[in-house]
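Starting from 1, each residue takes its place in the sequence as its number. Both backbone and side-chain heavy atoms feed into the values below; hydrogens, waters and symmetry mates do not.
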Amino acid sequence: MRDKVAGLSTPVVAVDVPSGWDADSVAMRSDSAFRADGVVTFTAPKLAHVFGYMTAGPVVVAEIGSPDTAVLSTGDFVGRVRRR
């Protein structure tokens, strides 16, 4: 997958996480993992969105109607990710 994405001339936007990344860590779980030009995720950012290198561009959190109680955070990193 990495080779196919690297050869594209258009921006690549990942939904939730780019292929090959572990959403709960900052690690790539596959040799074919790639960095997206941007990421759209839902409800709240995951650890990998904040501390990982899965994108060189923005991480946008899209609202899908999840209640605030669905997100439990012990840090203030949620406010640092651009919400849409």
Side-chain angles (χ1 to χ4, degrees):
M1 179 70 82
R2 180 185 293 172
D3 294 335
K4 289 181 182 180
V5 171
L8 296 174
S9 60
T10 57
V12 175
V13 177
V15 176
D16 199 29
V17 293
S19 294
W21 286 86
D22 183 340
D24 296 323
S25 73
V26 297
M28 288 186 282
R29 62 178 179 200
S30 167
D31 289 338
S32 64
F34 63 90
R35 292 179 73 196
D37 296 303
V39 175
V40 177
T41 191
F42 308 97
T43 304
K46 296 165 181 62
L47 291 176
H49 294 132
V50 179
F51 301 110
Y53 301 99
M54 67 175 60
T55 181
V59 174
V60 177
V61 179
E63 297 295 326
I64 59 170
S66 300
D68 290 341
T69 55
V71 179
L72 176 64
S73 174
T74 58
D76 188 25
F77 64 87
V78 174
R80 297 175 191 225
V81 177
R82 192 174 92 199
R83 295 185 69 96
R84 187 166 200 214

Is there a donor-acceptor pair under 3.5 Å between the side chain of [X] and the backbone N or O of [Y]?
| X | Y | answer |
| --- | --- | --- |
| T55 | A36 | yes |
| D37 | V13 | no |
| H49 | D16 | yes |

Over all atoms of both residues, closest heavy-atom pair of [X] and [Y]:
| X | Y | value |
| --- | --- | --- |
| Y53 | R35 | O-NE, 2.8 Å |
| F42 | V61 | C-CG1, 4.4 Å |
| F34 | P18 | O-CB, 3.4 Å |

Q) Is there side-chain contact between M54 and D22, with heavy atoms separated by less than 4.5 Å? A) no
